[in-house]
Amino acid sequence: MLSLYQFPALYGLLMRLAYGPDYAARYALVAERIDGADDILEVCCGDLGLHRQLARRGLVRSYVGLEQSRAMLRRARRRGLDVRAFDARAGGALPTAGTVIMQASLYQFHDVADALLPRLWAAARRRLVIAEPVRNLAQSRVALVRWLGRALTQTPDRVHTFRYTEALLLALYRRCQIPVSRLDRTPGGREVVVCSLKAPSP
């Protein structure tokens, strides 16, 4: 199945167009939740748009990305970054990091999210940041726009019709008993950023 994830440059361009003014804001909100240079684990790191923003702000002490798309993996390795092949549906422990981030990907794993979100939380030593689209083209009432939104996020193995709302996302956190320390929304309301903090070790 053809997927935009096989074409990283085109994927990045179309995401800019789809998010509009919220494109830069979504990265800024994630960056604002990190209070200094930290060890970053980014799950489903894609075209590394977030890594670039965090690095520019001096927030990356070390970085590990996890990604399933072979094209995205090749792109990352050409840039000399530590990005590892990873299937979020598979079990097992994740690498630990001070800050664990997943941006705009949780909906693709909604059927296993009750198991995946606790694994992300367990991997975070200090904070977990989940940024998730809650208003997007895939939910449009216009059939053509809805088709385009789903085509943009289609992965090689499936078409993703499910999307979180803010209420559904918060319900997931409650079921998993993971604290919501702070919730922010992009100005256009397309994405919410949920930050969960762990208490300092005694």
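All values derive from a computational prediction rather than experimental measurement. Sequential numbering from 1 along the given sequence is applied to the chain's residues.
- Rounded to the nearest 0.5 angstrom, Leu59 CG and Thr99 OG1 are separated by 9.0 Å.
- In this structure, Ile34 CD1 and Ile40 CD1 are separated by 4.0 Å, a value rounded to the nearest 0.5 Å.
- Put simply, the residue from Thr186, Val134, Thr165 that forms a side-chain contact (heavy atoms from CB on, under 4.5 Å) with Val192 is Val134.
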>> One pair to check against ring pair (Phe, Tyr, Trp, His ring centres under 6.0 Å): Phe162 and Tyr164. What are the steps and the verdict?
In response: CA-CA 7 Å; Phe162 176 87; Tyr164 280 102; 4.9 Å; yes
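- Screening residues 49-59 for side-chain hydrogen bond (donor to acceptor under 3.5 Å, both in side chains) gives no qualifying pairs among residues at least two apart or on separate chains.
- Partners of Glu32 by side chain to side chain donor-acceptor pair (under 3.5 Å), not counting sequence neighbours: none found.
- Once rounded to the nearest 0.5 Å, the distance linking CZ of Arg89 with CD of Gln108 reads 8.5 Å.
- Pairs engaging residues 112-123 under the side-chain hydrogen bond (donor to acceptor under 3.5 Å, both in side chains) rule: Asp114-Arg175 [sequence neighbours left out].
- Under the rule for a side chain to side chain donor-acceptor pair (under 3.5 Å), the partners of Thr96 that lie at least two apart in sequence or sit in another chain are Arg125.
- Tyr173 is linked by a ring pair (Phe, Tyr, Trp, His ring centres under 6.0 Å) to nothing, counting only residues two or more places apart in sequence or in another chain.
- With hydrogens and angles disregarded, a donor-acceptor distance shorter than 3.5 Å links the side chain of Ser196 to the backbone of Pro179.
- One finds the CZ atom of Arg163 at 12.0 Å from the CG atom of Leu106 (value rounded to the nearest 0.5 Å).
- For Glu191, the side chain to side chain donor-acceptor pair (under 3.5 Å) criterion is met by Tyr19, Arg26, Gln103, not counting sequence neighbours.
- There is a path of hydrophobic side-chain contacts, each under 4.5 Å, that joins Leu172 to Leu94.
- Checked against salt bridge (Lys or Arg N to Asp or Glu O under 4.0 Å), Arg182 has the following partners two or more places apart in sequence or in another chain: Asp184.
- Partners of Arg61 by side chain to side chain contact (heavy atoms under 4.5 Å, CB included), not counting sequence neighbours, listed by chain and number: Ala37, Asp38, Asp39.
- Judged as a salt bridge (Lys or Arg N to Asp or Glu O under 4.0 Å), and not counting sequence neighbours, Glu42 has no contacts.
- Remark: Pro21 engages no residue in a side chain to side chain contact (heavy atoms under 4.5 Å, CB included) (not counting sequence neighbours).
- Residues passing the salt bridge (Lys or Arg N to Asp or Glu O under 4.0 Å) test with Asp35, sequence neighbours excluded: Arg126, Arg127.
- Checked against Leu183 for a side-chain contact (heavy atoms from CB on, under 4.5 Å), the options Val193, Leu169, Ile130, Val194 give a single hit: Val194.
- In this structure, Leu197 is not a member of the same hydrophobic cluster as Leu54, with clusters built from ILVMFWY side-chain heavy atoms closer than 4.5 Å.
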> What's the verdict on side-chain contact (heavy atoms from CB on, under 4.5 Å) for Val129 and Met102, showing C-alpha distance, side-chain angles and the deciding distance?
Replying inline: CA-CA 7 Å; Val129 181; Met102 177 183 267; over 6 Å; no
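- The backbone N or O of Gly46 lies less than 3.5 Å from a partner atom in the side chain of Glu67, making a donor-acceptor pair.
- Residues passing the salt bridge (Lys or Arg N to Asp or Glu O under 4.0 Å) test with Arg79: none are found, sequence neighbours excluded.
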